[in-house]
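Single-structure report; data block below.
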Amino acid sequence: MDIAMKILLIIFSIGLIAVVLLQKGKSAGLSGAITGGAEHLFGKQKARGLDLFLQRLTVGLAVGFFILALVVAYVVGNN
């Protein structure tokens with residue numbers, strides 16, 4: 001069980017890395033990070049199509065990764 005969970009954690013991490021690398025950059029350098037942050041934060045620019053799918057997949061994989069990492073740490077710590 002322990003090894004299966006570790007393998008699943010590796011699959012989640014590789015998937016998360018791949019999905020993040022597939023996404024397009026959202027800012028235009030340093031000026032976009034300073035002035036354009038509020039637009040992304042409050043949702044003025046809506047993602048559509050593939051961008052929306054990749055964004056939701058990233059959130060799902062990240063949540064799964066963190067939960068699985070906590071479970072693996074708990075299981076390994078109690079053995």
Side-chain angles (χ1 to χ4, degrees):
M1 184 69 175
D2 184 37
I3 294 179
M5 293 179 82
K6 287 181 181 179
I7 291 172
L8 192 59
L9 185 64
I10 291 171
I11 291 171
F12 266 77
S13 64
I14 291 171
L16 186 60
I17 291 168
V19 169
V20 168
L21 289 176
L22 284 174
Q23 292 180 7
K24 287 190 289 185
K26 303 241 190 289
S27 65
L30 185 59
S31 64
I34 295 172
T35 60
E39 292 177 3
H40 294 295
L41 182 63
F42 296 115
K44 290 185 179 176
Q45 293 182 348
K46 302 279 186 191
R48 308 254 178 194
L50 183 62
D51 291 333
L52 180 62
F53 174 72
L54 288 175
Q55 189 176 25
R56 289 183 179 167
L57 186 61
T58 302
V59 170
L61 285 173
V63 168
F65 175 79
F66 284 117
I67 291 172
L68 196 57
L70 291 173
V71 170
V72 168
Y74 180 74
V75 168
V76 170
N78 284 334
N79 284 337

Identify the heavy atoms of Phe65 and Ser13 that sit nearest to each other, and give their distance. CE1-CB, 3.7 Å
Working to the nearest 0.5 angstrom, can you tell me the gap between Phe53 CZ and Leu22 CG? 10.0 Å
Output yes when a side-chain donor or acceptor of Gln23 lies under 3.5 Å from a complementary backbone atom of Leu54, and no otherwise. yes
Val75 and Met1: CA distance, side-chain angles, deciding distance, side chain to side chain contact (heavy atoms under 4.5 Å, CB included) verdict: CA-CA 9 Å; Val75 168; Met1 184 69 175; over 6 Å; no
Co-membership, hydrophobic cluster, residues Val19 and Leu50, 4.5 Å side-chain: yes
Is it true that Val76 and Leu8 fall in one hydrophobic cluster, defined by side-chain heavy atoms closer than 4.5 Å? yes
Side chain to side chain contact (heavy atoms under 4.5 Å, CB included) partners for Leu21, two or more places apart: Ile17
Does one hydrophobic cluster hold both Val71 and Phe66, with members joined at side-chain heavy-atom distances below 4.5 Å? yes
Atom CG of Leu9 and atom CD1 of Ile14: how far apart are they, to the nearest 0.5 Å? 10.0 Å
Between CG on residue Leu16 and CG on residue Leu57, distance to nearest 0.5 Å: 8.5 Å
Grouping I, L, V, M, F, W and Y whenever their side-chain heavy atoms are under 4.5 Å apart, do Leu70 and Phe12 come out in a common cluster? no
For the atom pair CG (Leu61) and CG (Leu68), what is the distance rounded to the nearest 0.5 Å? 11.5 Å
